[in-house]
**Student:** 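Can you keep this structure in mind? I'll have questions shortly.
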There are 2 protein chains.
Amino acid sequence: MVSMLEKSKKSNFKKATISEIAKLAGVSRTTVSRVLSGGYFVSKNTKDRILKIIKEKEYKPSIMAQSLRTNRTRTIGLVLADIENPFYSRVAKGVIDAAETKKYNVILCNSNNDIELEERDIKTLMGRGVDGLLLTTVALKMKTIEYLLDRGFPFILIDCKLDTPGVNYVVNDDYFGAKLATEYLIELGHKKIFFLGDRKLLSLRERLRGFKDTLVDHKIESSNTFVPQKFINMYGIYDIDKIIEYIINREEKITAVFAGNDYLAIKSIKVINDNGLKVPEDISVIGYDNIEISSMVKVPLTTIRQPKYLLGKLAAEQLFEILENRSNKEIKRIILRPELVIRQSCKRIGNYKS
Amino acid sequence: MVSMLEKSKKSNFKKATISEIAKLAGVSRTTVSRVLSGGYFVSKNTKDRILKIIKEKEYKPSIMAQSLRTNRTRTIGLVLADIENPFYSRVAKGVIDAAETKKYNVILCNSNNDIELEERDIKTLMGRGVDGLLLTTVALKMKTIEYLLDRGFPFILIDCKLDTPGVNYVVNDDYFGAKLATEYLIELGHKKIFFLGDRKLLSLRERLRGFKDTLVDHKIESSNTFVPQKFINMYGIYDIDKIIEYIINREEKITAVFAGNDYLAIKSIKVINDNGLKVPEDISVIGYDNIEISSMVKVPLTTIRQPKYLLGKLAAEQLFEILENRSNKEIKRIILRPELVIRQSCKRIGNYKS
DNA sequence: CTGGTAATTGTTATCGATTCCAATAAAATA
DNA sequence: TATTTTATTGGAATCGATAACAATTACCAG
């Protein structure tokens, strides 16, 4: 019968257990377990014999059983705000590479810029038994942070500076980066600058702060230059077409757009073009992140470079360190320095006199 | 003492176990377990009582324990060839979304276009106890396929047509898509077309076949129009700059490049520009995939659209179906139809007469 | 030769669930 | 009232590892 054939085929390969190895080697499970974890306190003789049998039988210990017993899974959770944004893909790569070298695995969730989903993802991952969490977060509720903190659950924030006690993060200096970008625009003569970004996102909030402060420093008025609430729906996702249309058609014209990230910037440029305007001739656009394609798009994007891969790699490494060395409770906060990358999406429209 | 404080803080939240719930409800673990799995054969009375306690104590069954017992983890493995290629990110999103709705989790590996790493990833994931595998594969060794097949391990290939018995896949019709692209170039008058892609990759091999056959159909000679082996290192990764340089500088000039995917195409255009040539004026370039930015790059890319999100979503759904219904051994193969998307990266250079 | 220490190995409980089978209680039938 | 059924519930084994502690053996000095 087919089903029997299939069955036998499958059971051919039922994987060996530690007990079987023990029996074959004529020792107890404990001894095999010892060999598995380095082989200290086991005589060279038996160790070699067990090792040989393990290899022969292609024995691999059951991670589920190990996890149950040790309460460690060697798995971490990574919550990405948007896997399709190349910024996050790059961060993810840094994380995955670091995990690979440390023999950890990564369970990935995509919160899709949705605060509720993000919270669900975090709980799912914790329930799944990940050892720790890496969060490229949208707008983490304080409730969620407290939830994590309360149960001493190891986690590190990526691209999200949150100076609550006990919270670790790896970020670039968003405030400084935003200052860099804004200064640059001002220097080119821009005074009417629109900040395109969702204020709910924590990283963007920092950038917004840098933006505003810089305007104030230069005594430039900045009312009416943020995304109106009506374009931000409850999931924090907004319709770029509508926003650009709104900016273009209102009376008070702007001369430059500071986009919260390159992905947004590139999309905006497309929409601006679709509306018959040119970048940078009619409107200058500056981005943030310096994702790979920024240099390849129609109008090569002037932007702020932040070390994405490093962000992910460092964050993962920090987390692993916490996990391997749980006593070490010192705060781990890393702030990387961003840089201005000048390309062609911003135009001088006057001379700035300070 | 600090350490005691911390300790107590942590243990405050040690998660409840099924036994504790059972004790609180004055029933056996078995009964609680029954409630967990639907509550059949349990009186409404006790069921409600248990449910209430579960909610109160925020009890969540330990997935590790469940997995150990049932040998199912509700986790699948996804091996991406390159997470930074937007094509794969989009596919991944489809997978993750499908998993989310079916309450599965996804462990992600990035094989980085490396055959050896891919094989290692697969084994790691199997060892990790994933229920099944989704492979957006580079160039799967037959040995690996057989390994999976032999132990009846559920897996589905994405973007990789492999008609070995027992292998399931979800792909777009690469052969047809490549024909579409090639026909289009020929129609525009191109005869010297260079196929830019690593022949080791299975999906590219199909595209290459479509490319060659179309040339033959039109009686166009096609020697010397593939990437020479010397540019393909053992990891299958090649240096685009060198290749483009090679094409441009050799005697036999080509008029068009058929890039194996958009990511490659976009990078190529940049390199072509860097070398002082223009697209499409000097060289036409056609891509494959239609990734989002294809329409936003300097020269909007003419390409072949394939339904990336759907590819991932369908593959995941197929896999879940196999997992939920293991008896159902029918082959699941889905071939989606690609389309030509004409933008501005290809120029007419003559009239084609058939 | 013997007590003591070090080296090696085994016993057994445990992690937190599921599941087969048995047991009890309640309801239905004779 | 006695006997089946049926509906609920519990007992105990099990999944595959780890770890505390106990036990055995070997080795060495006195």
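Residue numbering restarts at 1 for every chain, and letters A, B, ... go by the order of the sequence lines. Note that the coordinates shown come from a computational prediction; the quantities given were computed from them, not determined experimentally.
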**Student:** Check B:Lys44 with B:Asp48, please: is the shortest side-chain N to carboxylate O separation under 4.0 Å?
**Tutor:**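 Between B:Lys44 and B:Asp48 there is a salt bridge, with a charged N closer than 4.0 Å to a carboxylate O.
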
**Student:** Can you tell me how far P of C:dT19 sits from CD1 of B:Ile18, to the nearest Å?
**Tutor:** 11 Å

**Student:** I want to check one thing: is the phosphate of D:dA17, taken as OP1 and OP2, less than 4.0 Å away from some side-chain N or O of A:Tyr59?
**Tutor:** yes

**Student:** Between B:Ser62 and C:dG16, is there a contact of a side-chain N or O with OP1 or OP2 at under 4.0 Å?
**Tutor:** no

**Student:** With no angle test and no hydrogens, is the base of D:dG10 tied to the side chain of B:Arg34 by a donor-acceptor pair under 3.5 Å?
**Tutor:**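 Yes.
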
**Student:** What is the distance, rounded to the nearest whole Å, between atom CZ of B:Phe41 and atom C1' of C:dA22?
**Tutor:**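 These atoms are roughly 16 Å apart.
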
**Student:** Nearest-Å distance, CG (A:Asn71) to P (D:dA19)?
**Tutor:** 12 Å

**Student:** For a quick check of understanding: with a heavy-atom distance under 4.0 Å over all strands, which category does B:Val27 fall into, base, sugar-phosphate or nothing?
**Tutor:** sugar-phosphate

**Student:** Return the value, rounded to whole Å, for the distance between atom CZ of A:Arg72 and atom P of C:dT14.
**Tutor:**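 Those two atoms, CZ and P, are 23 Å apart.
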
**Student:** Does a side-chain N or O of B:Ser28 approach OP1 or OP2 of D:dG10 to a distance below 4.0 Å, or not?
**Tutor:** yes

**Student:** Could you state the NZ-P distance from B:Lys60 to C:dG16, rounded to the nearest angstrom?
**Tutor:** 17 Å

**Student:** So, does B:Thr31 get its side chain near the phosphate of D:dT9, meaning an N or O under 4.0 Å from OP1 or OP2?
**Tutor:**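 For D:dT9, OP1/OP2 do not have a side-chain N/O of B:Thr31 under 4.0 Å.
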
**Student:** Nearest to the side chain of B:Arg29, heavy atoms from C-beta on, is which of D:dA19, C:dA17, D:dG10?
**Tutor:**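 Within the option list, the nearest is C:dA17.
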
**Student:** Show your reasoning for whether salt bridge (charged side-chain N to carboxylate O under 4.0 Å, His left out) applies to B:Glu58 and B:Lys15.
**Tutor:** CA-CA 8 Å; B:Glu58 297 188 38; B:Lys15 41 192 182 301; over 6 Å; no

**Student:** Verify the distance criterion only: is there a donor paired with an acceptor across the side chains of A:Asp159 and A:Thr136 at less than 3.5 Å?
**Tutor:**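 Note: A:Asp159 and A:Thr136 side chains miss the donor-acceptor criterion.
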
**Student:** Is there a side-chain contact (heavy atoms from CB on, under 4.5 Å) between A:Met126 and A:Tyr147? Walk through the geometry before answering.
**Tutor:** CA-CA 11 Å; A:Met126 288 173 75; A:Tyr147 183 87; 3.7 Å; yes

**Student:** Among C:dT8, D:dT18, C:dA17, which nucleotide sits nearest the side chain of A:Gln66?
**Tutor:**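 Of the candidates, D:dT18 comes closest.
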
**Student:** Nearest whole angstrom, please: distance from the C1' of D:dT9 to the NZ of B:Lys47.
**Tutor:** 16 Å

**Student:** Rounding to a whole Å, what distance do you find between B:Leu68:CG and D:dC15:P?
**Tutor:** 9 Å

**Student:** Side chain of A:Leu36, heavy atoms from C-beta onward: which of D:dG16, D:dT18, C:dG16 has the nearest atom to it?
**Tutor:** D:dT18

**Student:** Which part of the nucleic acid, if any, lies within reach of A:Ser43 when heavy atoms closer than 4.0 Å are counted: base, sugar-phosphate only, or nothing?
**Tutor:**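 The answer is sugar-phosphate, as A:Ser43 gets under 4.0 Å only of primed atoms, P, OP1 or OP2.
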
**Student:** Between B:Ser43 and B:Thr46, which heavy-atom pair has the shortest distance, and what is it?
**Tutor:** OG-OG1, 2.9 Å

**Student:** Hey, is NZ on A:Lys313 packed in by over 12 heavy atoms from elsewhere, all under 6.0 Å?
**Tutor:** no

**Student:** Tell me what B:Thr30 touches on the nucleic acid: a base, only sugar-phosphate, or nothing, going by heavy atoms under 4.0 Å.
**Tutor:**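 Touches a base.
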
**Student:** How do B:Thr46 and A:Ser37 order along DNA chain D: which one's closest nucleotide is nearer the 5' end?
**Tutor:**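 Mapping each residue to its closest nucleotide by heavy atoms, the 5'-most match is B:Thr46.
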
**Student:** Have a look at B:Gly39 and say if it touches a base, only the backbone sugar-phosphate, or nothing, with a 4.0 Å heavy-atom cut-off.
**Tutor:**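 Touches nothing.
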
**Student:** Atom CG of B:Asp48 to atom C1' of D:dT8: distance rounded to whole Å?
**Tutor:** 15 Å

